[in-house]
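Proteins get letters first, then strands, A, B, ... in listed order; numbering begins at 1 in each.
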Number of protein chains: 2
Amino acid sequence: MSFDERKKTRVTLLDVARHANVSRATASLVLRKSPLVGSETRSRVEQAMRDLGYVYNIGAARLRVERSQIIGAIVPNLTNPFFAELLSGIEEVIGETGKVVILANSGDRVERQATLLQRMREHGVDGVILCPAARTAPALSEEIADWGMPVVQVLRHISFNIDYVGADYAAGMRQAVDYLASLGHEKIAFAAHGSVQSAYQERVDGFRDAMLSKALDPGILIHFPTQLGEIASATHLLFDQATRPTAVICFNHLVALGLAAGLHDCGLTIGRDLSLIGFDDVADEEAIRPKLTSVSTGPVTIGEMAARLLLERITNPHLPPRRVVNETTLNIRQSCGRPM
Amino acid sequence: MSFDERKKTRVTLLDVARHANVSRATASLVLRKSPLVGSETRSRVEQAMRDLGYVYNIGAARLRVERSQIIGAIVPNLTNPFFAELLSGIEEVIGETGKVVILANSGDRVERQATLLQRMREHGVDGVILCPAARTAPALSEEIADWGMPVVQVLRHISFNIDYVGADYAAGMRQAVDYLASLGHEKIAFAAHGSVQSAYQERVDGFRDAMLSKALDPGILIHFPTQLGEIASATHLLFDQATRPTAVICFNHLVALGLAAGLHDCGLTIGRDLSLIGFDDVADEEAIRPKLTSVSTGPVTIGEMAARLLLERITNPHLPPRRVVNETTLNIRQSCGRPM
DNA sequence: CTGAAAGCGCTTACAG
DNA sequence: CTGAAAGCGCTTACAG
């Protein structure tokens, strides 16, 4: 059968019904597994579907029923393995329910994010999981409420009126600082990175608070370039400070990777000349030598939780907004030692 | 306005038309930017859309018109950064056209892949980019043809009847072998990994052919565990062979990462005690020390090309099947030296 | 440039 | 358990 012939012979539910000698209504009931239809009839209809090669048309069904079976996911960066793991968690639990996820990359840009949200509304998504771009106006939450669109924020948040799933970044910083302090470190730097948003702020504030509570100076805060390739060659920034740090806590795994390389290039031995703690604990941390001690935030789990929360929100839109803050754990490996 | 009130007040094209004092047909023409409608009328309608907060319903439009504006993408593994980069290329070019991509993870399992394809058909996707799961029956290509569904295969192929975009893995192997041979290596191992599919076969065959054409023994072929964490601890396999290799070519960047770590654990220095060449050249290669010499396959570019090919296929279904095979390049960095 | 009408493929009361 | 009918929100000839 040629492509064109096929077009006009698309088989519909009515065709199936006729083939099975039932009404279209009955065929529809079979499709949706209603108990109203007898087993003999049911199997006759199912056989007809197979015979004719029937394909359910979700789009047509959606027109009648308020459910598209499509979920949107918007992340600021697809290339970052951290977000890839997040997505994998999301796709896993959404996929299990038979729904489908539309993926989009905002590039951390607000205008593009607006376009994507609009596009998703046009596709009638049942809800979206959004990692808001940096500098997203908090007013977006009111728009979202006006639209009546179920949304959960992941990793970053712009409003308390919308569900949120993230990690306890501040606690993670405390674990890192406490551990380094227990080894005797007092001059601890924070190696920041990327755009300023809630997760950034919580990490920076968490670092400062943790340092202050140990009566240490939280003043060594350095911002590293965005591109992984440039981080290594910016390592010297660590040593251009008024006080030279004996340990560094990294904003995320990209910075950790970059600095691990950069320190090697400087001829320094990690864990001896300088202690290094990573953040996020993506798969790589195990593969670097020395193995990186790192604060784990569990991106896959966060993705799964966000997906579950969204599904609940969809079935029950009137729930009060919830916040799920995942615990962090410090995985102690080989990149920290006592200060020299 | 509450959630429930909103539901019943959904604004339709007819509402817009009435508000703007035109017919529904005219409003529809404005929507699709037809030149048939006068500029004064057009702006009146556009104003009405804004006033009423109209949202275009793609699903409804699709019912009339054969185009869902949805593209499917099926990959065997989301967590692998290589596929994340591929996806980012796909999303980029599909997104530019205003279309949307449905993402799904087959887990490299044939049955799950079948479910996903079915689900995508039900959603009426305009086409799908498929990286076929290992052991996919070639007969799938006939099913796809029967469905009349535009498909392009990426990275792996199961049939010559379907468009394909990949990389010239064999040429990449030749570049790697030639380079090592030029340094004087004769005992070169191939560190394989993962499931057997076309890309696997092409790499293995490419390695063997390249070795034979240099009159070298292609017999040192070792299969490493799937999980990144286990590769490092399996490094000893390299030295359990009848002839001890002086260089290793890795199947992909995961193996390269794992072996780089494992060799370090064995107290060996890469580039001196053993030369190592990576494959795929994901961002990490630059961040490892020593920097890994690696064959680049350009996953982002492949994703972009696959997306473009699919768009062409959709607009012109009768084109003969095409094969786009991307060139590979050898990025020489620091992980290879002369044999000891 | 505009209006009235048919139809895309489904679901959902409603009456039997 | 089944049939006839209305309707979801759009597009597309067709006639003006």
Point to revise | Pairs flagged by side chain to side chain donor-acceptor pair (under 3.5 Å) wherever residues 71-84 of chain B is involved - sequence neighbours left out | key: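 For residues 71-84 of chain B, and leaving out neighbouring residues, the side chain to side chain donor-acceptor pair (under 3.5 Å) pairs sorted by first residue read B/Asn80-B/His253.
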
Practice item. Toss me the dot-bracket line for DNA chain C: Watson-Crick and G-U wobble, both under 3.5 Å, 5' to 3', using | for pairs to another strand and [ ] for crossers. Key: |||.||||||||.|||

Review point. Got a donor-acceptor contact below 3.5 angstrom from the A/Ser68 side chain to the A/Gly124 backbone?
Key: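 Judged by distance alone, yes, a pair lies under 3.5 Å.
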
Exercise for review: Ignoring hydrogens and angles, tell me if any N or O in the side chain of A/Arg112 forms a donor-acceptor pair with the backbone of A/Asn105 under 3.5 Å.
Suggested key: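 Looks like yes, one N/O pair under 3.5 Å.
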
**Study point:** Residue list, ring pair (Phe, Tyr, Trp, His ring centres under 6.0 Å) with B/Tyr164, at least two apart or on another chain
**Key:**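 Here the qualifying residues are B/His157.
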
Would you say [X] reaches [N]'s phosphate, i.e. side-chain N/O to OP1/OP2 under 4.0 Å?
X	N	result
B/Arg32	D/dT11	yes
B/Thr41	C/dC1	no
A/Arg24	D/dA4	no
A/Ser28	C/dC10	no
A/Ser23	D/dT2	no
B/Arg62	D/dG9	no
A/Thr12	C/dG9	no

Please state how far atom [atom1] in [X] lies from atom [atom2] in [N], giving the value in whole angstrom units.
X	N	atom1	atom2	answer
B/Arg18	D/dG9	CZ	P	12 Å
A/Arg10	C/dC10	CZ	C1'	11 Å
A/Arg44	D/dT2	CZ	P	7 Å
A/Asp15	C/dG9	CG	P	9 Å
A/Glu66	C/dT11	CD	P	14 Å
B/Ile58	D/dC10	CD1	P	11 Å
B/Arg64	D/dC8	CZ	P	17 Å
A/Leu14	C/dC10	CG	P	9 Å

Check your understanding: Could you give all pairs that pass the salt bridge (Lys or Arg N to Asp or Glu O under 4.0 Å) test and reach residues 38-49 of chain A, with sequence neighbours left out?
Key ->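 Qualifying pairs: A/Glu40-A/Arg44.
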
N/O contacts under 3.5 Å, protein versus nucleotides 13-16 of chain D?
none

Check your understanding: Would you say B/Arg135 has more than 12 foreign heavy atoms packed within less than 6.0 Å of its CZ?
Key -> no

**Study point:** Separation between CZ of B/Phe83 and CG of B/Leu78, rounded to the nearest 0.5 Å
**Key:**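 Answer rounded to 0.5 Å: 9.5 Å.
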
Exercise for review: Drop me the distance from B/Ile129's CD1 to B/Leu309's CG, to the nearest 0.5 angstrom.
Suggested key: 9.0 Å

Review point. If you find the nucleotide of DNA chain C closest to B/Gly38 and the one closest to B/Leu63, which residue's nucleotide is nearer the 5' end?
Key: B/Gly38

Check your understanding: What nucleotide among C/dT2, D/dG9, C/dT11 has an atom nearest to a side-chain atom of B/Thr26?
Key -> C/dT2

Exercise for review: List in chain and number order the residues that pass side chain to side chain donor-acceptor pair (under 3.5 Å) with B/Thr97, two or more places apart in sequence or in another chain; answer none if no residue qualifies.
Suggested key: none

Review point. Distance only, no hydrogens: is a donor on one side chain within 3.5 Å (strictly under) of an acceptor on the other, for A/Asp51 and A/Gln47?
Key: yes

